[in-house]
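Inspection log for the structure reproduced underneath, given as structure tokens.
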Amino acid sequence: MNLVIVESPAKAKTINKYLGPSYEVLASFGHVRDLPAKNGSVDPEANFQMIWEVDPKAASRLNDIAKALKGADKLILATDPDREGEAISWHVLEVMKEKRALTDQKIERVVFNAITKQSVTDAMKHPREIDGALVDAYMARRALDYLVGFTLSPVLWRKLPGARSAGRVQSVALRLVCDRELEIEKFVPREYWSLVATLVTPRGDTFEARLVGADGKKIQRLDIGSGAEAEDFKKAIEAASFTVSSVEAKPARRNPQAPFTTSTLQQEASRKLGFAPAHTMRIAQRLYEGVDIGGETVGLITYMRTDGVQIANEAIVQARKVIGEDYGNAYVPEAPRQYQTKAKNAQEAHEAIRPTDLSRRPPDVSHRLDSDQARLYELIWTRTVASQMESAELERTTVDIAAKAGSRLLELRATGQVIKFDGFLALYQEGRDDDGEDEDSRRLPAMSQGDALKRRDLAVTQHFTEPPPRFSEASLVKRMEELGIGRPSTYASILQVLKDRGYVRLEKKRLHGEDKGRVVVAFLESFFRRYVEYDFTADLEEQLDRVSNNEISWQQVLKDFWRDFIGAVDDIKDLRVAQVLDVLDDMLGPHIYPPRADGGDVRQCPTCGTGKLHLKAGKFGAFVGCSNYPECRYTRPLAADSEASADRILGKDPDTDLDVVVKAGRFGPYIQLGEQKDYAEGEKPRRAGIPKNMSPGDIELELALKLLSLPREIGKHPETGEPITAGIGRFGPFVRHEKTYASLEAGDEVFDIGLNRAVTLIAEKVAKGPSGRRFGADPGKPLGDHPTLGGVAVKNGRYGAYVTAGGVNATIPSDKTPDTITLPEAIALIDERVAKGGAKPKRAAKTGAKASTKSAKAKPAKEKADGEAAKPAKKAAAKKSAAKPKSDAASKARAPVTAKTSAAKAANPAAKKSAGKASG
């Protein structure tokens, strides 16, 4: 029997079918070990020795692997063909060695770029050893990220209250976004004018020509800077006669783009499909792992984390065959196209992302995929096929026109192009980040030199230069790749972390730097500038790539980094928070204190008039406050823009003739109908909140009136006769009948949901019961097992999300979400809750030392409705509990046991007993 290890159960099931009964395929479910989230996991003083901790979720799976090894002749490590895959294989092997599960079994490492029978069976014929250089590169990156996070983040928390954390690559990506915000704020618009004449040929065809010269001088786009200059040229053109002075037609070729890399797939999926990078990678993962095709599970695309742009020869042959069948031989180039990667060091999975079988055309598989999977597969298929098609042949035409007005000679120019042969454009054309008018794409009518032209119209238009656009997710990924920041496997996670921490927000598909993000960047640029420099980060990435090529020692890279980094951290330790805030106040001044309309002092307090505004730090982040505090309590957010701090009148309500206003309130922006003076004494103005997925700038009068109309009555319930209403609440849109609330699902619109649909949603809610489930309490999302308290789960309660294990509940902090919190983080929160004496576990897990009877019988504190973290019922009981020595189980709950300490205690019972007493 041969034992094969892969990451996912879906891959395991498919590969097991390919290999047959002489193989057993088990899944590791991703990484099985990581650095514990505590100080000391990487020791710079001991040549960067690392302490690895087995993920509690992976413990049972590792036990299964160890058991299966007993009857195996060979251990085949078949994880993904990149650096992370190599690391998973190494971790599994190391744990098996620690468990002494290996005897005389042969160890092999195999990689395949696609989950197809041929790819897998071919890989099994060409095994190798684990690549130590790739593992070293993984360890170097992991250690660097750990050292930066666990060294820099505490400094950030102490010196900048309310800040979250700082990551090695995330901070540099955040700087890109915030630097763009600064460019936009400093941008000064410049006025310019354009003159475009509509001319008529002798055959009666019309076209447009732009003024490009006058009196022997060229006129560039910004050269006409005033209305007076434009008027002068306008008069001359209106009096001019026009003659074609030259017609130049040049042939041109446009070549197809290379097949997708991770970066270009994320960019194009964002442009064409509107997918976020993280969503693109989730869908690509499913396509890679496979779907059921005719009773057999088959991977539809090759591995999706790669910098490579070349594809296998068999795929090229297949693509050329498909092109000939679907488009004809004219679209098949004479020689196959070969592409070269532009990346400095291509990811270890070298082949580009492509379909595993190009004969599976998108319509053939779409009925077996969901909508997003089908759209992404079609995008990958068309890009791959197009990359092997013939070039497009164009003809670019330039027509110069002489405009004679008395003694003045003006020059106008028209440009256009004609597609002579569409080539790959018949199938695919790459999207653009910033759409703009492309005059070259216009087709010009037939003209000859010396033709006399007539003017039909003249457009004189005023323009103002615009600031650089904010990054979209696609353009930020592109810029990061250009600068050498991050690697294919990290782009999506970097963007997701920035959004989750509230450092940026995505609005109208553009990334906006939030105040808390800008403060963090200003802090890092002021005190750790070198470590957020683009060149430094790119150079460090290059050093890490050299490690993966076995050109340099990973410990040497860490030593060089750590020596200067820890020095920079030590330099700031003695700075007071006030000193840090003074520096940031100066650096962020243009953003925090924009010019006033009356030209007054931008730092003058608008409330007391004598105090000066200054940057301050509070529990929830930085804000602007008055220097006369506490006598003057004026505060505001950092951004003082009109959208955030001033009322914006949208228009009149047609029913009441009152102003509809967007206002900035203490708890965020809202919509209000009229002012207090418009209402009777004791009556409050009608208000409506702005949904979480909208910004104040998105709100127009029509939408505001709809929001003010909520809650609206949909109709009467057919059984009770009571009204069913629709509205927007704290947790989103809902429908309500009596005391039953049902959330609206995706696709339902709160403004136009019908009675039938509302009745259905109410009925489904009633059938599920108050918990939202048909039977029993909500079990939550399981994360794994606590070392002593049993299963850990994430639940949503009335007061927010929380984690729970053995009757102990702990609220999830605001910088985490139920979707992103990990098992180690959840265990730490639960242990902290137990250590504070806030709740007792329902029961302790069985241990060598029996828990006290009293502790075992103690009842847990009563949970709040829907599961907010429990609080002690009586202070006296809490004090009494805190005064008594904790049970062995409770002691262990405060300090999760690592694999290393477990082994030490097992070998020394006396030490185990002593440790239990000390922790109690």
Side-chain angles (χ1 to χ4, degrees), residues 141 144-145 147-149 151-153 155-157 159-160 162-187 263 277 433 467-487 490-507 510-542 544 561 564-565 568-569 572 580-581 583-592 615 621-622 638-639 815:
R141 289 176 185 275
L144 273 174
D145 292 340
L147 289 171
V148 171
T151 306
L152 189 55
S153 294
V155 175
L156 198 63
W157 299 333
K159 305 301 180 184
L160 204 61
R164 292 284 183 259
S165 56
R168 179 177 65 90
V169 182
Q170 292 95 326
S171 298
V172 185
L174 177 61
R175 185 190 164 194
L176 278 170
V177 176
C178 294
D179 280 357
R180 181 57 54 88
E181 293 289 345
L182 193 60
E183 287 181 66
I184 293 171
E185 289 168 358
K186 290 182 176 180
F187 182 80
S263 167
D433 289 317
R470 289 182 172 91
F471 286 109
S472 65
E473 290 185 300
S475 59
L476 182 61
V477 167
K478 182 178 181 181
R479 186 61 179 146
M480 288 169 62
E481 186 180 37
E482 290 171 349
L483 293 171
I485 299 169
R487 285 297 178 261
T490 64
Y491 296 136
S493 61
I494 288 170
L495 292 175
Q496 194 60 48
V497 166
L498 295 182
K499 289 186 284 187
D500 290 344
R501 290 177 181 168
Y503 289 161
V504 302
R505 75 177 189 277
L506 189 63
E507 184 178 308
R510 294 286 169 176
L511 292 165
H512 295 245
E514 294 282 42
D515 283 344
K516 63 176 68 174
R518 299 193 66 169
V519 170
V520 168
V521 167
F523 174 84
L524 295 175
E525 286 195 83
S526 298
F527 301 103
F528 296 91
R529 184 170 187 83
R530 182 185 180 198
Y531 302 98
V532 288
E533 289 287 353
Y534 305 135
D535 291 344
F536 175 82
T537 305
D539 181 64
L540 187 56
E541 290 288 346
E542 192 171 344
L544 293 169
F561 173 84
D564 297 330
F565 179 70
V569 172
I572 194 179
V580 173
L581 291 176
V583 172
L584 300 186
D585 191 66
D586 290 338
M587 188 171 185
L588 292 172
H591 170 62
I592 302 174
L615 184 67
L638 264 62
D815 61 328

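Heads up: numbering here begins at 1 and tracks the sequence.
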Rounded distance [0.5 Å steps], [atom1] in [X] versus [atom2] in [Y]:
| X | Y | atom1 | atom2 | answer |
| --- | --- | --- | --- | --- |
| Ile184 | Asp179 | CD1 | CG | 11.0 Å |
| Cys178 | Leu498 | SG | CG | 9.0 Å |
| Leu506 | Lys499 | CG | NZ | 5.5 Å |

Is [Y] close to [X] at the side-chain level, that is, under 4.5 Å between some pair of heavy atoms?
| X | Y | result |
| --- | --- | --- |
| Tyr491 | Leu476 | no |
| Leu540 | Leu144 | yes |
| Val532 | Val521 | no |
| Leu483 | Leu176 | yes |
| Val520 | Arg501 | no |
| Leu495 | Leu511 | yes |
| Phe528 | Val148 | no |

Salt bridge flag under 4.0 Å for residues [X] and [Y]:
| X | Y | answer |
| --- | --- | --- |
| Glu533 | Arg530 | no |
| Arg180 | Glu183 | yes |
| Arg141 | Glu541 | yes |
| Glu507 | Arg505 | yes |

Does [X] reach the main-chain N or O of [Y] with its side chain, forming a donor-acceptor pair under 3.5 Å?
| X | Y | answer |
| --- | --- | --- |
| Tyr531 | Phe565 | yes |
| Arg470 | Arg510 | no |
| Ser475 | Phe471 | no |

Report task. Kindly indicate, with the supporting measurements, whether the criterion side-chain contact (heavy atoms from CB on, under 4.5 Å) is fulfilled by Phe527 and Leu152. Result -> CA-CA 11 Å; Phe527 301 103; Leu152 189 55; over 6 Å; no

Requested in this report: Carefully, step by step, assess Arg479 and Glu482 under the rule salt bridge (Lys or Arg N to Asp or Glu O under 4.0 Å).
Outcome: CA-CA 5 Å; Arg479 186 61 179 146; Glu482 290 171 349; 3.2 Å; yes

